[in-house]
Amino acid sequence: MPVTAVVGAQWGDEGKGKVVDTLARHADVVIRYNGGNNAGHTIHNQHGTFRLHLLPSGIFHPAAQCVIGPGVAVNPEVLLAEIAEVERVGMPTVGRLWVSDRAHLIFPHHILTDELEELARGGSPHGTTKQGIWPVYSDKVGRIGIRAGDLFQEQHLAEQLRFLADRKSAVMRGVYRHEPVEVKTLQDACRRWAGRLGPYVADTHPLVQEALRADRAVLLEGQLGVMRDLDWGLYPFVTSSTTLPGGASAGAGIPPYKITRVLGVAKAYTTAVGSGPMPTELGDATGDRLRSIGQEFGATTRRPRRCGWFDGVAARFAAEVAGFTHLAVMKVDVFDTFETVRLAVAYRLDGRTLQTVPHTAAMARVEPVYEELPGWRRPTTGARHLTDLPVEARAFLRRIEEIVGAPLALAGVGPERADMIFCQEGWA
Ligand code: GDP
Ligand code: IMO
Ligand code: MG
């Protein structure tokens, strides 16, 4: 059975939640491998609309085991609220949702630090989601982080928290002129979380290894997209985890050669939330039209998303770095009323033509080179096969395939579960 990594091919919000929810119908295990509750993965189903921040998007398929892997940063308060939300609509979580004991925990001081640092940047913030993502990963790298498993190691935790409160208080006072971090506050939070997360925190390694041994179908759910990857994204306008399938391997505990498919998820156009270069951004009525038809507002922060044409250079770069074996193109229906559609096939910079993503400062100055294709001006939402699509929509998708260099496996034609075209055997 396949082990499939689902990876964002752009700047995030490509529709990974919908893709994972769709594929999870046949999955035995679904694992979130990176990021934290900066993610907002939207799922529409018979119970309503859900914006999942931490729960794997397989949670609505009761037969699937759902794992929050060691690569994820977990805000326990957000996780508990999300568990309550899905249990309210009748989805069981105990016995099928597992939080790796190796996953790091987000504390209120991480969120505060994120907010204070954005404030300190004055007029040029990074535009983070202010969920404490870089501070928690920075503590992880600095080896002073608290992991989910620590909650159940009383002596070890007490020592960790004392040292942590001391160091964090020094920074809060000295750098931010803010109140110290009280060790008692940390202890109380940990006690509360240990009480409530007990049924979920486990060593997820045996479960994952058993699934691999038994040749079960495994889905690895990524957060964000390659252009916000810590190493390969537009640094410093990136997140603090690895969005690539290499991150899926480490962040879920799966050897690289066991990942049989890497599905790059793109949208038929480009969006971004937060700061940094976005060459195809449209600051005009067409950008507004994409935002309004595509309902492009952040799932986590509700910020309006920056919208623009499909950036083929960035998507091909993502395909190369992540090694997409297949491609999903979502939100094709958003173009249903457009007379023409455009695709960026190269960048121009200082009289040169670029076919790849340059340094962030250069990326801020590139001019996209566009190809224009005719629109189809017919609804696509009812389409269930590629042949149901207007010929112009098929030509548009074929051109994306050519530019990106990966075969099309899925095409999204609406927000509902059923609004998906399976373009190849083995995905339906
Ligand atoms: P993610 O972060 O990659 O999971 O994506 P988000 O959930 O943040 O944003 C994608 C948005 O597009 C969500 O509101 C989805 O419900 C919606 N969506 C996903 N696929 C399609 C599609 O094919 N057509 C339309 N119209 N909406 C879609
Ligand atoms: P999903 O998983 C879109 C953006 C933020 C900011 C940058 C760094 O739903 O695709 P962070 O809070 O991670 O330090 O912010 O990344 N960002 C997202 N943009 N979708 C997301 O998640 C995002 N998570 C973070 O806006 O520019
Ligand atoms: Mg999202």
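If you read the sequence from its start, that first residue is 1, and numbering goes on from there. We use all heavy atoms of the structure for the numbers below, so side chains are in, but hydrogens, waters and symmetry mates are not. Both counts, for ligands and for their atoms, begin at 1 and track the order of listing.
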Checklist entry - Distance-only, no hydrogens or angles: does the His126 side chain make a donor-acceptor pair with backbone N or O of Thr128 under 3.5 Å? => result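 No, because the side chain of His126 does not come within donor-acceptor range (under 3.5 Å) of the backbone of Thr128.
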Can you find an N or O of [X] that's nearer than 3.5 Å to an N or O of ligand 1?
X      : answer
Gly17  : yes
Lys331 : yes
Gly12  : no
Gly414 : yes
Val332 : no
Asp419 : no

Checklist entry - Within less than 4.0 angstrom of ligand 2, does Arg305 place any heavy atom? => result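 Outside the 4.0 Å threshold, so no.
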Next on the checklist: Tell me whether ligand 2 is touched by Gly40 - counting only heavy atoms on the residue side and a distance under 4.0 Å.
Outcome noted: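 True for this residue.
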For [atom], what's the nearest protein heavy-atom neighbour? Residue, atom name and distance, please.
atom                    : answer
atom 22 (O) of ligand 2 : Gln223 NE2, 3.1 Å
atom 24 (N) of ligand 1 : Asp333 OD1, 2.8 Å
atom 15 (O) of ligand 2 : Thr128 CA, 3.5 Å
atom 2 (O) of ligand 2  : His41 NE2, 2.7 Å
atom 27 (O) of ligand 2 : Val273 O, 3.0 Å
atom 3 (C) of ligand 2  : Asp13 OD2, 3.0 Å
atom 10 (C) of ligand 1 : Asp13 O, 3.8 Å
atom 15 (C) of ligand 1 : Thr42 CB, 4.0 Å
atom 5 (C) of ligand 2  : Gly127 O, 3.4 Å

Next on the checklist: Quick check on Glu372: does its CD atom have over 12 non-hydrogen neighbours (other residues, nucleotides or ligands) under 6.0 Å away?
Outcome noted: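 More than 12 heavy atoms, drawn from other residues, nucleotides or ligands, come within 6.0 Å of this atom.
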Item to check | Within reach of ligand 1, part of His44 (heavy-atom separation under 4.0 Å) | outcome: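 Just the side chain.
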Mind checking whether [X] contacts ligand 2 via backbone (N, CA, C, O), side chain (CB onward), both or neither, at a 4.0 Å heavy-atom cut-off?
X      : answer
Arg228 : side chain
Arg303 : side chain
Glu14  : neither
Val238 : backbone

Next on the checklist: Against the six-membered ring of Phe338, is Arg289 placed for a cation-pi contact (under 6.0 Å from the centre, within 45° of the normal)?
Outcome noted: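 Yes.
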Checklist entry - Taking the six-membered ring of Trp427 as reference, does the NZ or CZ atom of Arg261 fall below 6.0 Å from its centre and within a 45° cone about the axis? => result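 Yes, Arg261 sits over the ring of Trp427.
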Checklist entry - Can you find a non-hydrogen atom of Lys18 under 4.0 Å from ligand 1? => result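 Lys18: in contact with ligand 1 (<4.0 Å).
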Checklist entry - Is there a heavy atom of Arg305 sitting under 4.0 angstrom from any atom of ligand 1? => result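 Within the 4.0 Å threshold, so yes.
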Next on the checklist: Among Arg302, Lys331, Arg291, exactly one meets salt bridge (charged side-chain N to carboxylate O under 4.0 Å, His left out) together with Glu296. Which residue is that?
Outcome noted: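 The passing option is Lys331.
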Next on the checklist: Quick test of your reading of the structure: of Leu234, Val136, Thr239, whose heavy atom lies closest to atom 13 (O) of ligand 2?
Outcome noted: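 Selected option, by shortest heavy-atom distance: Thr239.
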Checklist entry - Among Thr243, Leu224, Ile133, Thr129, whose heavy atom sits nearest atom 21 (C) of ligand 2? => result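 Answer by nearest heavy atom: Leu224.
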Checklist entry - Would a line drawn from the ring center of Phe107 to the ring center of Trp193 be shorter than 6.0 Å? => result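 That pair passes the under 6.0 Å test.
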Checklist entry - What do you reckon, are the aromatic ring centroids of Phe396 and Phe335 less than 6.0 Å apart? => result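 Ring centroids of Phe396 and Phe335 are less than 6.0 Å from each other.
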Checklist entry - Taking the Mg ion (ligand 3) as the center, what protein N, O or S atoms are found at less than 2.8 Å? => result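 Hits for the Mg ion (ligand 3) below 2.8 Å: Asp13 OD1, Gly40 O.
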Next on the checklist: Taking salt bridge (charged side-chain N to carboxylate O under 4.0 Å, His left out) as the cut-off, I'd like each qualifying pair that reaches into residues 357-370, sequence neighbours left out, listed once.
Outcome noted: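 The answer is Asp350-Arg365.
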